[in-house]
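In what follows, a single structure is set out as structure tokens and then discussed.
Chain letters run A, B, ... following the sequence lines, proteins first, then strands; residues in each count from 1. For the numbers below, each heavy atom of this structure counts, side chains included, while hydrogens, waters and symmetry mates do not. This one's a predicted model, so the numbers in the text were calculated from it and none came from an experiment.
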Protein chains: 2
Amino acid sequence: MTPRRTVQQELTKEMIMDAARDLFSEKGYQHVSMRQIAKELGYSHGALYYHFKNKAELFYALVENHFSMLNTVLDQIMKKEMEPGEKLKEIFIGFIKFGLTYQSHYEIMFLIKDEEVRNFINEEPNHTYEKFAKSVYSLCGKNVSIQDVWFIFLSLHGFVTHYCRHVVGFEEVKGLAEAHANFLLRAIH
Amino acid sequence: MTPRRTVQQELTKEMIMDAARDLFSEKGYQHVSMRQIAKELGYSHGALYYHFKNKAELFYALVENHFSMLNTVLDQIMKKEMEPGEKLKEIFIGFIKFGLTYQSHYEIMFLIKDEEVRNFINEEPNHTYEKFAKSVYSLCGKNVSIQDVWFIFLSLHGFVTHYCRHVVGFEEVKGLAEAHANFLLRAIH
DNA sequence: AATGTATTTAACCAGTGGTCAATAAAGGGA
DNA sequence: TCCCTTTATTGACCACTGGTTAAATACATT
């Protein structure tokens, strides 16, 4: 039998999650097998089941992680001392920046299609959206309806989704992102 | 062996494509098997291979079809006699309706990440976007920049993408789609 | 009857998620 | 140093799915 690896090279949850994150966001949940993840890491697929009960649990671990990251981004911006209009713009751009900086995360959070997985992730997107919506709503005053906030979200979602697909980093579309934010601001004033 | 069917009931390319279209747009390419399509039609799965070389060929036959469908949708609306503002709204809603009615094809047209497939579909998305952009631009007068048209597209794209992921048909979000169209109209006026 | 065409059936093959006994390495006493 | 326990890893294995193919069969037409 192949000799066991030394301690330094031992498989960790983190190693698995890193590999899985890349594969999942590149190919989608369905198109990634536990065997592929293991191969990417240079381990046998059985080893993964020592660290995660099953494929879904591994996936879920990733998701939780990423949602709390985005929540933090939003919280940070809301804490800043600045004019509401500017802050609103920061929120918009912050969302885009997050999506394009952590593309693979974003895909998993908002772009995964698989129903089986979706049932799993139910609450987090809602919770994060709530945070987004409350922030936007409170910064807009009464110029804006609940529905408009949703449309703003969908619009940002469209922006991120498109440029995710074309594998572009945030810096490359920073200017466009600002223009898009302004476009949305115009829609509500 | 099960007795063979009479001539009137013989399987045709059209019958297969009709069944496949429904299934693909309901469940997505990956989640539909040749066996399922055959079962839906009441034939054995082997029979499909008499009419189509393989699953991909069957699928591409549908895709070609749907690009020209979207173009036709846009052309039809442009031909109508109506006020520019109303027409613009129709364009927006027409796009959404198309996207949510033929979800799996929309995915291929605008959402697919797979490079292999993308090389196959190179020109059509650009061509279709050109048609969309020209239509919108001409209906807006000078209130709108080229960039704004792009943002409108991204916004519609976000709407469709989101509801594609949540496997909802157009009828279920018809009202929302109209509100979204109005939202975009407000952004450019 | 003969022929060509459409269809069914069974089988093949590659791949999947998941389980598990066997086993090797590491670490801690004594 | 040896022994023992814990931990990590492996690879064989199961039951299953799905695309594809080839042989066998039924039908319609001639």
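Side chain of B:Gln103 to main chain of B:Val168: a donor-acceptor pair is present (N/O by atom type, distance under 3.5 Å, no hydrogens or angles). Judged by distance alone, with hydrogens and angles left aside, the side-chain atoms of B:Arg165 form a donor-acceptor pair with the main-chain N or O of A:Leu111 at under 3.5 Å.
Using a cutoff of 4.0 Å between basic side-chain nitrogens and carboxylate oxygens, A:Lys27 and A:Glu107 are not scored as salt-bridged.
Spacing between atom NZ of B:Lys13 and atom C1' of C:dT5 amounts to 14 Å, rounded to whole angstrom units. One atom, OH of A:Tyr49, and another, C1' of C:dG17, lie 4 Å apart when rounded to the nearest Å. As rounded to whole Å, 11 Å separates atom C1' of C:dG17 from atom CD1 of A:Ile37. Rounded to whole angstrom, the span from the NZ atom of A:Lys39 across to the P atom of D:dT10 amounts to 14 Å. As rounded to whole Å, 15 Å separates atom P of D:dT21 from atom CZ of B:Phe52. Atom P of nucleotide D:dA28 and atom CD of B:Glu10 are separated by 9 Å, given to the nearest angstrom. One interatomic measurement links the two molecules: NE2 of B:His51 to P of D:dT20, which rounds to 16 Å at whole-angstrom precision. Straight-line distance from the CG atom of A:Leu41 to the C1' atom of D:dT9: 13 Å, rounded to whole Å.
One N or O donor and one acceptor, one from the side chain of A:His45 and one from the base of C:dG18, sit under 3.5 Å apart.
Judged as a salt bridge (charged side-chain N to carboxylate O under 4.0 Å, His left out), not a single pair has a partner in residues 40-51 of chain B (not counting sequence neighbours).
The residue among B:Gly46 and A:Asn54 whose nearest nucleotide of DNA chain C is located toward the 5' end is B:Gly46.
With B:Tyr29 as the aromatic partner, B:Lys55 meets the cation-pi criteria of under 6.0 angstrom to the ring centre and within 45 degrees of the ring axis.
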Pick out the pairs of N or O atoms, protein on one side and nucleotides 12-16 of chain C on the other, that lie under 3.5 Å.
{"unit_1": "C:dT16", "atom_1": "OP1", "unit_2": "A:Ser33", "atom_2": "OG", "d": "2.9"}
{"unit_1": "C:dT16", "atom_1": "OP1", "unit_2": "A:Gln36", "atom_2": "NE2", "d": "3.3"}

Contacts under 3.5 angstrom, residues 83-92 of chain B side chains, donor-acceptor by atom type, not counting sequence neighbours:
{"unit_1": "B:Lys87", "atom_1": "NZ", "unit_2": "B:Met78", "atom_2": "O", "d": "2.9"}
{"unit_1": "B:Lys87", "atom_1": "NZ", "unit_2": "B:Lys80", "atom_2": "O", "d": "3.0"}
{"unit_1": "B:Lys89", "atom_1": "NZ", "unit_2": "B:Asn182", "atom_2": "OD1", "d": "3.4"}
{"unit_1": "B:Glu90", "atom_1": "OE1", "unit_2": "B:Lys80", "atom_2": "NZ", "d": "2.9"}

